[in-house]
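Predicted model, so just to flag it, every value in this text is computed and none were measured. Below, all heavy atoms of this structure are taken into account, side chains as well, without hydrogens, waters or symmetry copies. In the text below, chain A, chain B and the rest are named by the order of the sequence lines, each starting its count at 1.
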There are 2 protein chains.
Amino acid sequence: MRFKLIGWLETTCQELEKHRDVLEDIIKRANEEVLIKGAKDVEEAAKITNWSIKNNLVYVTIESGRRVRAHAAIKRLQKYMAQRLGRMKIGVRRVHCEEYVVEVEKPVERLEWLKHYDKVVGVEDLGDRVRIMLKDLSETELERGDVDRLVKLITPGLVTMKEALARKVGIIVRASQRKSMKFSEDPTEVALKLGWIARFPGRGQWYYLPPFTALLNAIKELVFEYVTRPLGFVELMLPKLIPLEIAFRARKLQGEPGGMYYVCAPRYREKEKYLPFRVKAEITNVLPMRELKDLLEDPGYILDPVQCLPFYQLYRGKVLRKEELPIKVVDVSGPTYRYEAGGARGIERVHEFWRIEHVWMGLRKQCIEIRDQVLDAMCNFVDKVLDLEWRVEFAGDTFYLAEDQRIDEDVEIPEEPKFELQIYMPFKGPRDSKEKDVWLACASFNLHGTHYTKNFSIKCASGEPLWTGCFGVGLTRMATAFLAQHGFNFDDWPEEVRRRVKHIKGLPGLV
Amino acid sequence: MRFKLIGWLETTCQELEKHRDVLEDIIKRANEEVLIKGAKDVEEAAKITNWSIKNNLVYVTIESGRRVRAHAAIKRLQKYMAQRLGRMKIGVRRVHCEEYVVEVEKPVERLEWLKHYDKVVGVEDLGDRVRIMLKDLSETELERGDVDRLVKLITPGLVTMKEALARKVGIIVRASQRKSMKFSEDPTEVALKLGWIARFPGRGQWYYLPPFTALLNAIKELVFEYVTRPLGFVELMLPKLIPLEIAFRARKLQGEPGGMYYVCAPRYREKEKYLPFRVKAEITNVLPMRELKDLLEDPGYILDPVQCLPFYQLYRGKVLRKEELPIKVVDVSGPTYRYEAGGARGIERVHEFWRIEHVWMGLRKQCIEIRDQVLDAMCNFVDKVLDLEWRVEFAGDTFYLAEDQRIDEDVEIPEEPKFELQIYMPFKGPRDSKEKDVWLACASFNLHGTHYTKNFSIKCASGEPLWTGCFGVGLTRMATAFLAQHGFNFDDWPEEVRRRVKHIKGLPGLV
């Protein structure tokens with residue numbers, strides 16, 4: 001890997017030529033000491049191969065290997081030059097890179113992605129390696145390490161989730177006995193007909209009317225009784241509107257930007273700013289969209305798609321004592337949202353949905369153990385109390401990283417990041433059908449390794465790495481799957497559910 | 001009120017001059033019959049005062065009074081002309097208004113608002129009246145009645161809520177006995193110190209940690225037990241993400257556009273559209289805002305600020321039988337959001353909050369009766385069960401219309417649209433202090449008259465007007481006010497609350 005940078009350092013002295021001898025010495029010392037420090041192999045360090053003076057600028061060409069990369073070298077040079085020239089009251093204002101050439105040995109991957117980074121002006125295939133040409137990198141871009149991340153991005157061996165898990169995905173790790181089905185219709189259609197749900201104009205949104213709500217509440221209470229409380233999860237209320245910074249830090253935004261909803265706050269405090277919009281709306285009786293857009297800030301939030309993001313933010317930067325671990329919480333305080341690109345479907349696949357979200361944090365061993373406990377308890381509950389036919393699949397779509405998203409090499413990845421509890425939907429076809437959602441994913445059991453604790457800088461005082469995990473029960477789906485197997489006849493339902501629902505009463509005037 | 005329109009009708013015949021005699025007759029008959037039909041006073045009808053032919057266009061000048069207004073007249077003329085010319089296979093494609101002058105007698109109001117409607121090119125003061133000049137009104141603007149709404153907007157006597165209620169606002173209609181306070185500190189500060197809540201980076205958002213959540217849940221259950229269920233409200237789950245069309249129809253958007261959050265869906269289904277954004281984010285480690293904005297649709301939703309909007313949409317266009325009334329529902333399925341322009345405050349005034357929202361619909365008498373019942377039950381509950389010092393104030397900020405928003409004259413407005421249940425916050429000052437939130441509004445009892453049933457076209461089969469009402473219990477505020485009076489010592493709390501909270505357990509590692 002070779003780097004070649006052409007750029008300049010800007011000083012405060014317009015007659016720099018007068019100090020040529022000092023600069024000559026600076027360059028010499030830089031090449032002999034400053035730019036090779038820390039590199040075992042001098043070949044992999046950096047070297048100034050050319051330099052010149054123009055007014056207050058020192059032009060340099062720096063070539064390097066991978067150890068002291070040219071963009072790091074120019075920053076080192078700046079610091080050293082500032083020290084030396086400082087004695088003569090000359091400052092070094094900033095550095096700038098006019099041209100940057102990076103050569104990387106093959107094999108490389110995702111090369112075509114680079115065109116989306118606007119500093120890249122060309123990519124050349126040189127047979128055994130590729131040459132990437134960049135232009136106009138300011139101090140900001142040099143310092144924050146854009147070039148390093150660019151090289152990382154095209155280097156193979158950076159596993160994505162899809163690759164890491166390919167061998168195991170799809171394996172059924174547990175399953176209930178085969179049960180006889182009482183119902184074979186589409187629960188969405190029947191629920192609509194009976195007035196248990198109603199259509200809402202928003203994409204993937206529905207009204208859940210009293211009978212459906214009663215069932216959903218019953219399932220929620222039962223999960224708390226059989227799983228949540230016995231395993232010691234304590235309830236809190238997590239914010240549902242997530243500042244972009246948190247979603248970005250969690251690398252959620254980078255993974256699936258098209259999979260969520262974005263939120264804008266109004267731009268102005270002063271009421272009179274909104275008057276033109278209001279007047280136009282009152283006179284035309286049509287929403288003035290252009291005016292509205294001017295009144296809003298840039299998107300500043302997402303609607304939480306995964307429900308646990310605020311938990312990691314809560315502990316951001318904290319150091320936990322070992323005896324405080326594990327921490328187990330549960331949130332069921334409101335809907336979360338995912339944008340699904342597919343067309344309109346039934347209530348088994350919606351944009352707005354309710355979920356019981358369990359999150360835990362602790363040492364690796366603790367986290368795996370908790371995952372096993374919730375998995376056991378939940379399977380048992382679904383089998384015995386809800387009396388549903390279910391299975392657990394090893395899943396590949398871990399929710400915290402998109403399938404094609406790069407895994408940081410310094411993050412510990414669990415061997416079994418996600419199990420999915422799936423419930424059979426008889427109306428979709430036979431059990432072995434390959435149709436989508438014949439087995440509907442109703443809950444998932446996730447281990448995140450150190451993904452979140454690293455990104456949110458959460459540490460254990462003992463120095464051991466902290467893991468997190470989460471277990472979400474999709475209440476909307478759970479109720480749908482329940483109806484798909486048990487049907488809408490209250491008397492056919494399992495006793496524990498009947499005891500909590502008590503009676504079914506719809507709203508008048510709807511069906 | 002006088003209207004003068006200069007415009008043209010476009011026909012499909014390029015040699016219209018050949019049919020001058022027919023057109024002459026059309027204009028004559030229009031003036032004698034078509035344009036005066038329905039107006040008792042001919043002076044208030046419309047008259048074509050000038051006309052000419054140019055290629056395929058018929059230019060007209062129409063002057064009118066208030067009965068058959070000039071913009072309605074040109075549409076009548078179009079229809080009549082199409083009938084007559086149709087016999088000769090000549091069509092009338094469209095009409096257009098080049099200039100429109102409206103003269104309105106004084107007094108007028110809000111004249112300065114008109115500059116925000118971009119068709120207005122001038123306003124002149126003529127002493128006893130004002131002249132408003134408009135330009136270039138297309139068929140769309142003429143048909144949807146922009147000019148009528150413009151005149152309405154400046155006509156005085158169109159009451160706003162503020163004016164309608166001015167005399168009564170601020171009156172205390174009920175109050176509890178004075179009670180002795182156990183606590184005098186700011187609950188936000190103490191809750192933070194004890195780890196009952198935690199700060200969250202979003203504006204006006206907080207974490208409600210297990211002790212606070214337990215208290216909030218207890219209050220929720222108690223309200224259900226003492227108020228909601230005894231009065232026959234049935235629970236449903238209403239969507240929380242509201243399409244703009246619904247908010248606009250409810251006239252919520254026009255009232256306080258700066259008081260809510262707006263939501264954008266992603267623009268594209270194809271994953272590859274998001275690649276440039278993802279690559280730039282991965283390389284720069286900075287959120288690429290410009291790219292993100294290009295990937296989003298225009299705002300299409302608001303986060304529900306009032307929680308009951310979807311209820312009216314549920315019954316949109318329906319006709320209800322009298323015996324089905326009243327309908328009473330309750331929703332407690334998730335947070336709602338208001339954008340508050342003020343700076344950072346404690347948990348008594350937040351952007352994201354949880355509420356029990358009761359909504360009802362029925363005949364006028366039924367709705368008032370239900371309002372009285374919930375008011376009685378709630379006051380009794382707050383007094384006896386929560387043992388808080390409270391009062392009920394006649395409030396002016398009805399939530400369904402902004403204070404300065406025009407009331408449609410054909411909407412029935414209740415005499416007492418809003419009562420507010422306020423709870424004393426000792427840390428803010430003495431009971432008679434004028435400081436904000438010394439008496440914190442924790443619940444409100446609202447009657448909307450026919451505002452929603454008219455805008456959502458909901459009717460009773462008997463022909464009687466349908467009213468709606470709602471009663472919201474701010475759970476976040478209720479818990480805050482509870483802590484402000486009773487403090488954080490579990491043993492000091494009323495028995496019913498203690499029985500439900502059971503024990504207080506915080507999260508480790510936070511305080």
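- Using a 4.5 Å cut-off between heavy atoms, A:Tyr339 contacts chain B through its side chain alone, with no backbone atom that close.
- No donor-acceptor pair closer than 3.5 Å links the side chain of B:Trp113 to the backbone N or O of A:Leu275.
- Within the 4.5 angstrom heavy-atom criterion, no atom of B:Val330 approaches chain A.
- A distance-only check finds no donor-acceptor pair linking the side chain of B:Gln313 to the backbone of A:Phe200 [under 3.5 Å].
- In this structure, no portion of A:Leu325 lies under 4.5 Å from any heavy atom of chain B.
- Proximity to chain A is absent for every atom of B:Asp331, based on heavy atoms less than 4.5 angstrom apart.
- Between chain B and the options A:Pro210, A:Gly509, A:Pro239, A:Pro243, heavy-atom pairs under 4.5 Å are most frequent for A:Pro239.
- For B:Tyr207 and A:Phe311, the gap between ring centers reaches or exceeds 6.0 Å.
- At distances below 3.5 Å, at least one donor-acceptor pair connects side-chain atoms of A:Gln205 with backbone N or O atoms of B:Leu241.
- Between chain B and the residues A:Lys119, A:Glu291, A:Glu297, A:Arg267, the largest count of heavy-atom pairs under 4.5 Å involves A:Glu297.
- At a threshold of 4.0 Å, the pair B:Glu282-A:Arg251 counts as salt-bridged, since one of the basic side-chain nitrogens sits closer than that to a carboxylate oxygen.
- When A:Asn285, A:Leu150, A:Thr140 are compared by the number of non-hydrogen pairs under 4.5 Å with chain B, A:Asn285 comes out ahead.
- Ranked by heavy-atom pairs shorter than 4.5 Å toward chain B, the options A:Ala214, A:Gly258, A:Gly259, A:Ala265 are led by A:Gly258.
- With a threshold of 4.5 angstrom between heavy atoms, B:Leu209 approaches chain A through its backbone and through its side chain.
- Your options are A:Asn217, A:Val147, A:Ile242, and the one with the most heavy-atom pairs under 4.5 Å with chain B is A:Asn217.
- By the neighbour-count criterion of 12 heavy atoms within 6.0 Å, atom CZ of A:Arg199 is sparsely surrounded, having that number or fewer from other residues, nucleotides or ligands.
- Neither the backbone nor the side chain of B:Ile302 comes within less than 4.5 Å of any heavy atom of chain A.
- Heavy-atom pairs under 4.5 Å with chain B peak, among A:Lys318, A:Arg144, A:Arg321, at A:Arg144.
- Counting heavy-atom pairs closer than 4.5 Å to chain A, the top-ranked of the candidates B:Tyr337, B:Phe248, B:Tyr268 is B:Phe248.
- Residues A:Cys264 and B:Tyr261 are not in side-chain contact: their nearest non-hydrogen atoms beyond the backbone lie 4.5 Å or more apart.
- Comparing B:Gly334, B:Pro257, B:Pro335, B:Ala281 by how many heavy-atom pairs each has under 4.5 Å with chain A, the most go to B:Pro257.
- Interatomic distance, CG of A:Asp148 versus CD1 of B:Ile283, reported as 11.0 Å (0.5 Å rounding).
- In this structure, the side chains of B:Pro299 and A:Met289 come closer than 4.5 Å at one or more pairs of heavy atoms.
- Contact of B:Phe277 with chain A is made through the side chain alone, with heavy-atom distances under 4.5 Å.
- If you measure heavy-atom distances from B:Leu320 to chain A, the contacts under 4.5 Å come from the side chain alone.
- B:Leu292 is listed as a side-chain neighbour of A:Tyr262, based on a closest heavy-atom distance under 4.5 Å.
- At a 4.5 Å heavy-atom cutoff, the contact between A:Leu238 and chain B is made by backbone and side-chain atoms alike.
- With a threshold of 4.5 angstrom between heavy atoms, B:Phe212 does not approach chain A through any atom at all.
- Residue B:Ile246 touches chain A through its side chain alone, counting heavy-atom pairs closer than 4.5 Å.
- For the options B:Val332, B:Val234, B:Leu314, B:Leu303, heavy-atom pairs under 4.5 Å to chain A are most numerous at B:Leu314.
- For the pair B:Tyr315 and A:Leu507, the minimum side-chain heavy-atom distance is below 4.5 Å.
- Neither the backbone nor the side chain of B:Ile197 has a heavy atom closer than 4.5 Å to any heavy atom of chain A.
- Heavy-atom neighbours of A:Lys459 NZ from other residues, nucleotides or ligands within 6.0 Å: at or below the threshold of 12.
- Taking 4.5 Å as the limit, some side-chain heavy atom of A:Ile327 sits within range of a side-chain heavy atom of B:Pro508.
- At least one donor-acceptor pair closer than 3.5 Å links the side chain of A:Arg149 to the backbone N or O of B:Thr284.
- In this structure a side-chain-to-backbone donor-acceptor pair under 3.5 Å is present from B:Glu352 to A:Lys240.
- Note: A:Lys293 NZ to B:Lys293 NZ = 9.5 Å, rounded to the nearest 0.5 Å.
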Using side-chain contact (heavy atoms from CB on, under 4.5 Å), reason through B:His116 and A:Arg278 one step at a time and then give a plain yes or no. CA-CA 9 Å; B:His116 300 305; A:Arg278 294 180 57 193; over 6 Å; no
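- Between A:Asp118 and B:Lys280 there is a side-chain heavy-atom pair separated by less than 4.5 Å.
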